[in-house]
Amino acid sequence: MKVTLGYVSLPLTINLTASKTISYTNFKKDNDINKLYKIINENLDNLYEILKYNNKNGIKFYRMTSKLIPLGTLKEVSFDYITPFIKKYKKIGEYANKNNIRIDMHPDEYCVLNSTNPKVLENSFEILNYHKKLIDAFGFNDSCLILHVGSSVFGKENSLVRFKNNFNKLDYDIKKLIVIENDDKVYNVSDVLKLCKELNIRMCLDYHHYICNNNDNLSNYLTEIFDTWRDYYYPPKVHFSSPKSKLKKEFRSHNDYINSEDFINFLELVKNYTDNLYIMLEAKKKDEALFKLVRELKYITEYKFLSETSFEINLLH
């Protein structure tokens with residue numbers, strides 16, 4: 001099995017952010033659209049530099065921020081955040097594609113596709129449209145939107161029905177971007193797998209969430225989880241993180257780093273179910289946690305490293 005590691009959003013090593021923003025209150029003081037344009041330009045320039053940093057350090061899997069465009073999903077602030085910057089979008093997209101950097105996005109907790117609140121649902125549709133516009137502008141070879149099922153108001157089964165009904169209201173081009181992950185409290189692996197099969201979309205296994213919220217042995221589902229990616233050109237993605245501590249109140253929170261022993265055990269569990277896997281490390285120390293894990297793996301294991309952040313595992317290991 002080939003494994004490719006990635007990290008989320010903010011590279012701590014070079015301390016650059018593509019998420020600079022402005023509050024709606026501050027913007028409304030003078031309604032100066034140039035303030036937004038200045039921030040967007042800076043965010044796009046920083047995103048390009050982040051991708052350059054990733055490429056030069058052999059990082060081929062990256063979660064881009066959803067906060068690239070300040071106030072981009074607010075209907076009260078209607079402006080064109082694509083056309084004035086299209087050359088920069090294309091430059092970034094071409095760089096990612098040329099260097100085989102796989103990029104995904106994870107809309108925030110305000111995107112709740114099965115909400116019972118009409119306003120929240122309307123905003124959720126707007127958030128998904130926003131992400132689709134960005135992905136189209138960049139022209140990435142591969143990208144997806146990772147979502148949770150969301151609300152459990154009126155019970156799990158009713159909430160799953162709402163999700164399916166609202167999902168089917170989306171444009172086809174948005175539907176095909178959506179990948180659903182299991183969560184740590186309500187929707188376990190079996191819930192999400194069943195939903196993904198019914199909607200014919202991909203599932204992203206979140207291993208930490210599985211540890212927090214499960215009702216069966218994970219190995220019973222791995223074949224079917226990876227099969228949801230079978231007709232997709234690119235390999236499956238999973239999420240891996242370590243708990244902040246073993247204390248109940250902190251167990252669901254992410255640690256700064258990745259527990260290498262748990263990570264190796266996870267690889268031993270999944271290695272016979274897919275021959276190629278991308279793993280997004282959800283650790284607070286971001287790229288630093290990724291490289292710390294790499295150093296530990298090189299010391300502990302006999303994995304064959306193909307680059308700074310990818311390696312092969314012998315099935316007989």
Side-chain angles (χ1 to χ4, degrees), residues 4-11 16-21 40 43-44 46-51 54 59-74 81-82 85 88-97 99-113 123-150 167 170-183 196 201-206 209 229 232-241 254 278-283 286-287 290:
T4 302
L5 303 177
Y7 75 97
V8 176
S9 189
L10 179 67
L16 278 180
T17 179
S19 304
K20 186 176 180 181
T21 191
I40 293 170
N43 283 345
L44 288 171
N46 284 348
L47 178 59
Y48 183 70
E49 291 301 317
I50 289 169
L51 293 187
N54 289 345
I59 300 171
K60 301 296 184 177
F61 187 28
Y62 177 65
R63 181 184 298 166
M64 190 178 80
T65 178
S66 289
K67 299 178 180 178
L68 188 70
I69 307 299
L71 311 182
T73 60
L74 284 185
Y81 50 81
I82 300 297
F85 313 99
K88 289 192 176 185
Y89 285 117
K90 296 303 179 187
K91 177 183 176 182
I92 291 167
E94 288 169 2
Y95 185 86
N97 294 340
N99 293 287
N100 298 311
I101 302 174
R102 196 176 183 192
I103 293 175
D104 64 20
M105 301 176 77
H106 196 331
D108 61 25
E109 67 273 16
Y110 300 109
C111 185
V112 185
L113 204 51
N123 289 341
S124 298
F125 288 143
E126 183 63 31
I127 289 169
L128 292 175
N129 284 325
Y130 157 84
H131 283 82
K132 176 64 168 55
K133 288 179 183 178
L134 292 182
I135 289 171
D136 285 348
F138 286 117
F140 295 131
N141 285 341
D142 174 57
S143 193
C144 69
L145 302 177
I146 309 289
L147 295 184
H148 293 285
V149 179
F167 176 87
L170 297 170
D171 291 342
Y172 172 78
D173 287 343
I174 294 179
K175 288 180 184 178
K176 69 181 184 180
L177 289 172
I178 291 177
V179 178
I180 309 177
E181 70 167 300
N182 53 301
D183 67 55
C196 288
I201 57 178
R202 293 161 286 163
M203 175 176 172
C204 175
L205 168 67
D206 188 305
H209 290 171
W229 295 80
Y232 192 70
Y233 181 79
Y234 293 93
K237 304 177 181 185
V238 301
H239 294 170
F240 190 96
S241 56
H254 292 164
Y278 279 65
I279 303 180
M280 182 59 67
L281 303 176
E282 297 183 314
K286 312 292 185 180
D287 56 320
L290 187 160

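The shown structure was predicted, so the numbers you read here are calculated from the model rather than taken from an experiment.
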Any side-chain heavy-atom pair from F240 and L205 closer than 4.5 angstrom?
-> no
Do L68 and S19 have side-chain heavy atoms sitting under 4.5 Å apart?
-> no
Check whether any side-chain heavy atom of I50 sits under 4.5 Å from a side-chain heavy atom of T17, and report yes or no.
-> no
Across all chains, not counting sequence neighbours, the side chain to side chain contact (heavy atoms under 4.5 Å, CB included) partners of L145 are M105, P107, L128, H131, I135, L177
Is H106 close to M64 at the side-chain level, that is, under 4.5 Å between some pair of heavy atoms?
-> no
Are the side chains of I146 and D104 in touch, meaning some heavy atoms are under 4.5 Å apart?
-> yes
May I ask you to test the N129-I174 pair for a side-chain heavy-atom distance under 4.5 Å?
-> yes
ring-ring contact (aromatic ring centres under 6.0 Å, His included) against Y62, all qualifying residues, sequence neighbours excluded = Y7
Residues in side chain to side chain donor-acceptor pair (under 3.5 Å) contact with R102, at least two apart in sequence or another chain | D142
K90: what forms a side chain to side chain donor-acceptor pair (under 3.5 Å) with it, not counting sequence neighbours?
-> none
Who passes ring-ring contact (aromatic ring centres under 6.0 Å, His included) against Y110, sequence neighbours left out?
-> none
Any donor-acceptor pair under 3.5 Å linking the side chain of N43 with the backbone of I69?
-> no
Which residues share a side chain to side chain contact (heavy atoms under 4.5 Å, CB included) with K88, sequence neighbours left out = N41, L44, D45
Any residue meeting ring-ring contact (aromatic ring centres under 6.0 Å, His included) with Y81, in chain and number order, not counting sequence neighbours = F79, Y130
How would you list, by chain and number, every residue that makes a side chain to side chain contact (heavy atoms under 4.5 Å, CB included) with K91, sequence neighbours excluded?
-> Y48
Between D171 and K175, is there a salt bridge with N-O shorter than 4.0 Å?
-> no
Listed by chain and number, what are the side chain to side chain donor-acceptor pair (under 3.5 Å) partners of T21, not counting sequence neighbours?
-> none
Side chain to side chain donor-acceptor pair (under 3.5 Å) involving N100 - partner list, sequence neighbours excluded = none
Could you go step by step and tell me if C196 and I180 meet the side chain to side chain contact (heavy atoms under 4.5 Å, CB included) rule?
-> CA-CA 7 Å; C196 288; I180 309 177; 3.9 Å; yes
The ring-ring contact (aromatic ring centres under 6.0 Å, His included) partners of H254 (sequence neighbours excluded) come to H208
Closest heavy-atom pair and its distance - H209, D206 | N-OD1, 2.9 Å
Note, M203 side chain near V179 side chain (heavy atom, < 4.5 Å) = no
Side chain proximity check, C144 to I178, heavy atoms < 4.5 angstrom = no
Which residues satisfy the side chain to side chain contact (heavy atoms under 4.5 Å, CB included) test with A96, sequence neighbours excluded?
-> L51, I101, I103, F140
